[in-house]
Enquirer: 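Can you read through this structure? Questions will come right after.
Excluded from the calculations below are hydrogen atoms, water molecules and symmetry mates; all remaining heavy atoms, backbone and side chain alike, are included.
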Amino acid sequence: MTTEQLSPRPDFSAPQRSSRSAGDHLLFLAEALRTFHDTGALAPSGEDLVNALVVPATSRPNRPISVLEVGAGTGVVTRRLAQVLLPGDRLHVVEANPRFADQLREDPVLAARRPGVALRLSACRVEELTQDQKDERYDVIVSGLPFTNFEPAQVRHLLDLYLRLLLPGGELTYFGYLGTTTARTLSSGPRQSARHRAVVRLLRQFEAAYGLGRRTVWRNLPPARAYLLRSPGGREDWGPASPPGLPAGEAAADEALAHEERSRAADRVGG
C-alpha cells in the first residue's frame, strides 16, 4: 500500500474535455476487460450520475469538510469533487488499481484544484488502510465499488467499515446499475445468481436502515440508481445478512427480485 499527498500545481491547465473523456473510456475499457470483477463496468460514470454522487459535498455545513472516495477509477467523480471542494476541505482518494492510481497522480484537473484543498491518494483497497487511517472520520464517503460483483460477507464488511469511517450524521453515496438481477439470472449459473440476490438483499437492508433517498439516472451507460444514506452515529447493528437458518447465498431471492422490479416500476410511474 502507498499513500501520498498530491500537491496542487496551479500552472497545470485542464485538457480538452473530449480528449480527456476519450482517454478515460479507453483506459477504463482496457481495465474492465482485464479485471472486470473489480472494475464492474465497461465505461466510467456519466455526468448525471457523477452529479448525483457528489450531492453531499455540495450541500454542506458552514465549515471545512473531509471526503473519502473509494474506487475512484479514472477519476470522473474525483475531478468533480476537486471542483466543488473549498479551501480547508480534505479529499482522501482510495484506488487499488495501479493503472488508475497512476492516472490520478498525473491528472491536470486535480493538480489545478483550488489552493487549500488537501488531496491524498492511497493506492490500495479500503480494507487495507492502516489502523491510523481507519481511525479517521469523514463527513462524506463516495463509493464507486461494484458491490454486486462481491461476496455478501465482503459487502457486509465494507458497509460496516463505511459506517465506522463516517462522522455522526455523515453521508454516504453509492450506485448500482439497473436490471443487474435479471441479467445475472439469465447469464450466470444458480450459484452466482444466488450470490447476487443475497448482495441485493443486503444492500436493501442497509438502505432501509440508513437511506435518505435515491435518484435514477437514465442518461448513463448503463442506466444506474444512486443512493444517499446517512449515519446516525458510527457503526450500528442493522440486521443479519440473511434470515436465521438460511444460507446467505439462498436468502430472500424472490424478495430481492421483487424489490428491484417494484423500484423500476415506481420510477416509470413517477418519471
Side-chain angles (χ1 to χ4, degrees), residues 37-38 40-41 45 49 52-57 67-71 77 94 125-127 129 134 137-182 184 192-217 223-244 246-264 266-267:
H37 178 271
D38 295 319
S45 299
L49 180 55
L53 291 171
V54 303
V55 161
V67 180
L68 173 67
E69 184 189 5
V70 181
V77 173
V94 177
R125 298 181 184 276
V126 67
E127 305 98 310
L129 292 174
K134 288 181 180 179
R137 295 294 181 268
Y138 299 90
D139 297 282
V140 176
I141 297 177
V142 180
S143 176
L145 297 181
F147 288 134
T148 54
N149 281 12
F150 302 156
E151 293 295 327
Q154 183 182 4
V155 175
R156 177 61 181 263
H157 176 71
L158 286 166
L159 297 177
D160 281 341
L161 177 59
Y162 287 165
L163 285 178
R164 294 199 302 273
L165 290 170
L166 281 170
L167 287 163
E171 294 183 350
L172 163 68
T173 57
Y174 58 77
F175 70 94
Y177 295 118
L178 300 186
T180 57
T181 299
T182 302
R184 187 78 67 172
Q192 284 300 313
S193 297
R195 179 202 57 76
H196 184 277
R197 292 186 182 103
V199 171
V200 169
R201 180 181 181 276
L202 192 59
L203 292 170
R204 297 300 90 86
Q205 260 191 326
F206 189 72
E207 290 147 16
Y210 300 108
L212 293 178
R214 64 187 186 185
R215 176 184 170 188
T216 300
V217 182
R225 183 172 289 125
Y227 297 89
L228 175 63
L229 306 97
R230 177 176 294 158
S231 168
R235 182 181 182 181
E236 291 189 1
D237 293 328
W238 42 275
S242 60
L246 287 180
E250 302 291 336
D254 291 338
E255 178 185 342
L257 280 170
H259 183 97
E260 187 162 317
E261 292 300 329
R262 287 196 301 270
S263 297
R264 289 206 297 271
D267 285 325

Enquirer: If the threshold is 4.0 Å, N to carboxylate O, is there a salt bridge linking D160 and R156?
Expert: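 Answer for the salt bridge query: yes.
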
Enquirer: Atom CZ in R230, atom CG in L172: separation rounded to 0.5 Å?
Expert: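 If we round to the nearest 0.5 Å, R230:CZ and L172:CG are 12.0 Å apart.
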
Enquirer: Compare every heavy atom of Y210 with every heavy atom of P232, then report the nearest pair and how far apart it is.
Expert: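 P232 and Y210 have their closest heavy atoms at CD-CE2, 3.2 Å.
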
Enquirer: Using 30° and 60° as the class boundaries, would you call the ring planes of F150 and F147 parallel, tilted or perpendicular?
Expert: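 If you compare the ring of F150 with that of F147, the planes turn out perpendicular.
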
Enquirer: How long is the span from the CG atom in L158 to the CZ atom in F206, to the nearest 0.5 Å?
Expert: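 Answer for the CG-CZ pair, L158 versus F206, is 10.5 Å.
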
Enquirer: Heavy-atom distance under 4.5 Å between the side chains of L145 and Y162, does that happen here?
Expert: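 Side chain of L145 against side chain of Y162, heavy atoms only: contact under 4.5 Å found.
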
Enquirer: Quick one: CD1 on I141 to CG on L167, what's the gap to the nearest 0.5 Å?
Expert: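 I141 atom CD1 to L167 atom CG measures 9.0 Å (nearest 0.5 Å).
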
Enquirer: Compare every heavy atom of L49 with every heavy atom of A226, then report the nearest pair and how far apart it is.
Expert: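 What the structure gives for the nearest pair is CB-CD1, 4.1 Å.
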
Enquirer: Considering non-hydrogen atoms only, spot the tightest contact between R125 and V94 and give its length.
Expert: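 Minimum heavy-atom contact is C-CG1, 3.9 Å.
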
Enquirer: Which value, rounded to the nearest 0.5 Å, describes the distance between Y174 atom OH and E207 atom CD?
Expert: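 Taking OH in Y174 and CD in E207, the distance rounds to 3.5 Å.
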
Enquirer: Please report the shortest heavy-atom distance between Y177 and A224, naming the atom on each side.
Expert: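 Nearest heavy atoms, Y177 then A224: CD2-CB, 3.9 Å.
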
Enquirer: Could you tell me whether the side chain of K134 and the main chain of V126 form a donor-acceptor pair under 3.5 Å?
Expert: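 No; zero donor-acceptor contacts below 3.5 Å.
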
Enquirer: Measuring from atom CZ of R215 to atom OG1 of T173, what distance do you get when rounded to the nearest 0.5 angstrom?
Expert: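 If I round to the nearest 0.5 Å, the distance is 12.0 Å.
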
Enquirer: Quick one, N149 and V199 - any side-chain contact, counting heavy atoms below 4.5 Å?
Expert: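 Heavy-atom side-chain distance check fails, nothing below 4.5 Å.
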
Enquirer: To the nearest 0.5 Å, tell me how far L161 CG sits from L166 CG.
Expert: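 Spacing of CG (L161) from CG (L166) equals 9.5 Å.
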
Enquirer: Contact between F175 and V217 at the side-chain level, heavy atoms closer than 4.5 Å - yes or no?
Expert: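 Not touching, per the 4.5 Å side-chain cut-off.
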
Enquirer: If every non-hydrogen atom of V142 is compared with every non-hydrogen atom of L53, which pair is closest and at what distance?
Expert: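 Closest pair (atom of V142, atom of L53, distance): CG2-O, 3.7 Å.
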
